[in-house]
Participant: 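Sharing a structure with you now.
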There are 2 protein chains.
Amino acid sequence: MKPMSNKEGFVLRLEDFLPYRLVVAASLVSQATARTYSTKYGIGIAEWRVIAQLGEFGTMTAKQIGERSHMHKTKVSRAVATLTRKKMLAKRANRDDKREAFLSLSPVGLEVYESIAPAAQALSQRMFGEVSSEDRDAFERVLNTVTARAAALADTSAELPD
Amino acid sequence: MKPMSNKEGFVLRLEDFLPYRLVVAASLVSQATARTYSTKYGIGIAEWRVIAQLGEFGTMTAKQIGERSHMHKTKVSRAVATLTRKKMLAKRANRDDKREAFLSLSPVGLEVYESIAPAAQALSQRMFGEVSSEDRDAFERVLNTVTARAAALADTSAELPD
DNA sequence: TGACATTGGTTTCATTTGTAACTACTTTGC
DNA sequence: GCAAAGTAGTTACAAATGAAACCAATGTCA
């Protein structure tokens with residue numbers, strides 16, 4: 001099964017194709033990470049992200065959570081709903097704007113956060129721990145620029161010629 | 001909205017948390033890339049991956065495609081089905097093992113490949129083009145180790161203590 | 001003030017996805 | 001040669017997902 005060089009000539013070597021490799025890596029990382037919390041607390045990726053945001057920032061509206069975590073608002077909405085059902089969230093109405101509500105972790109939610117966060121950190125260590133700090137810095141730099149670029153490209157819904 | 005340092009003390013700074021950033025970047029890249037083919041040829045990510053594999057390697061079984069592209073076999077199966085419906089694939093039975101079949105691109109499929117592949121390449125250039133080659137090398141190194149590590153962790157379905 | 005657009009958030013609906021069960025075929029061990 | 005186990009691929013079913021419609025509240029602007 002060697003790369004074929006077909007008549008027309010253009011062959012994309014997926015192994016060398018960074019977007020592809022990035023996506024594959026991310027999906028594996030995501031899968032591996034999910035096991036940390038999904039099994040233990042019966043919550044999914046979206047739920048964990050909400051908890052993580054609130055664990056870090058204390059109090060946010062659903063909108064803010066969505067923005068910071070790059071999650072679709074329906075996803076946030078549903079994650080908040082299930083977390084509320086599980087008593088992991090505290091919801092406080094905003095007197096000045098009754099459309100939104102301030103969300104934060106309930107004691108139970110905080111417990112979960114305090115239990116999962118270190119585990120996630122440890123897992124990250126196992127995955128990224130052995131790369132040199134120079135490589136890690138470079139990695140972060142690339143992630144930064146790529147994220148920015150891709151976000152710009154992904155946003156332009158109509159502004160692209162086809 | 002500044003990071004809170006809650007009582008228990010452990011705070012996970014998501015902005016610095018590599019698995020998280022990796023996943024976010026990948027999802028944006030994936031979104032941006034999808035636009036290249038989804039609109040133009042009415043095919044999805046899975047379909048494109050199948051085409052890309054066949055474009056690169058010529059002939060493969062569904063199993064091989066799944067392995068190389070890290071796709072679930074049902075996903076491959078369905079992608080192959082829709083591509084077949086679109087006359088983009090050629091299927092040849094394997095006389096020695098009637099369970100599997102050899103897949104390759106039909107002329108139409110090859111056309112699609114030859115049209116999408118350079119576009120994907122160009123898009124990749126727009127996203128990764130401006131990073132230095134040293135950074136890119138480092139990036140690849142990290143992707144390699146992380147992919148390996150994560151794959152190992154993700155595989156162990158039952159072998160983890162909880 | 002009051003129409004109209006906008007926004008935070010939820011719900012509905014169709015599509016996508018993965019798990020598990022299943023079919024057809026092949027391999028293994030006796 | 002044959003029963004049992006395993007494998008490639010499909011299908012049925014349930015859960016996750018996103019687009020679009022929707023609701024209630026807010027902002028805008030005449």
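Side-chain atoms are counted along with the backbone in the values below, which use heavy atoms only and exclude waters and symmetry mates. Per chain, numbering begins at 1; letters A, B, ... match sequence-line order.
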Participant: Answer yes if A/Met71 and A/Ile45 sit in the same cluster of Ile, Leu, Val, Met, Phe, Trp and Tyr residues linked by side chain heavy atoms under 4.5 Å apart, and no otherwise.
Facilitator: yes
Participant: Could you tell me how far apart A/Glu100 (CD) and C/dT6 (P) are, to the nearest whole angstrom?
Facilitator: 19 Å
Participant: In whole angstroms, how far is the C1' atom of C/dG8 from the CE atom of A/Met71?
Facilitator: 16 Å
Participant: What residues, two or more places apart in sequence or in another chain, satisfy salt bridge (Lys or Arg N to Asp or Glu O under 4.0 Å) together with B/Glu15?
Facilitator: A/Arg68
Participant: Work out which heavy atom in A/Val29 is nearest to a heavy atom in B/Pro19; give both atom names and the distance.
Facilitator: CG1-CB, 3.7 Å
Participant: Tell me: CD1 of B/Ile43 to P of C/dT15, nearest whole Å?
Facilitator: 18 Å
Participant: Is it true that B/Glu67 and B/Lys63 have a side-chain N and a carboxylate O under 4.0 angstrom from each other?
Facilitator: yes
Participant: Once salt bridge (Lys or Arg N to Asp or Glu O under 4.0 Å) is applied, do any residues pair with B/Lys87, and if so which ones, sequence neighbours excluded?
Facilitator: none
Participant: Would you write the dot-bracket representation of DNA chain C, where each base gets (, ), [, ], | or . depending on whether it forms a Watson-Crick or G-U pair under 3.5 Å and with which partner?
Facilitator: ||||||||||||||||||||||||||||||
Participant: Report the distance from atom CZ of B/Arg49 to atom P of C/dT17, rounded to the nearest whole Å.
Facilitator: 10 Å
Participant: Rounded to whole Å, how long is the line connecting atom CD of A/Gln64 with atom C1' of C/dG9?
Facilitator: 14 Å
Participant: Check whether any side-chain N or O of A/Glu140 sits under 3.5 Å from a backbone N or O of A/Asp137 as a donor-acceptor pair, and report yes or no.
Facilitator: no
Participant: Is a side-chain donor-acceptor pair under 3.5 Å present for A/Glu47 with A/Thr82?
Facilitator: yes
Participant: How does protein reach along nucleotides 18-28 of chain C, written 5' to 3' as B (base within reach of a heavy atom under 4.0 Å), S (only sugar-phosphate), or - (no contact)?
Facilitator: BBB---BBS--
Participant: Taking the side chain from A/Ser124 and the backbone from A/Ala120, do they hold a donor-acceptor pair closer than 3.5 Å?
Facilitator: no
Participant: Quick check for you: name the first and last nucleotides of DNA chain D, 5' to 3', having an atom under 4.0 Å from a heavy atom of chain A.
Facilitator: D/dT17 to D/dT26
Participant: Calculate, to the nearest 0.5 Å, the distance between atoms CG and CG belonging to A/Leu28 and B/Leu22 respectively.
Facilitator: 10.0 Å
Participant: Could you work out, with ring pair (Phe, Tyr, Trp, His ring centres under 6.0 Å) as the rule, every residue matching A/Phe128, not counting sequence neighbours?
Facilitator: A/Phe139
Participant: Heavy atoms under 4.0 Å, any strand shown: does A/Ala101 hit a base, just sugar-phosphate, or nothing?
Facilitator: sugar-phosphate
Participant: In sequence, state the C-alpha distance, the side-chain angles, and the governing distance for A/Thr33 and B/Val23, and then conclude on side-chain contact (heavy atoms from CB on, under 4.5 Å).
Facilitator: CA-CA 11 Å; A/Thr33 314; B/Val23 170; over 6 Å; no
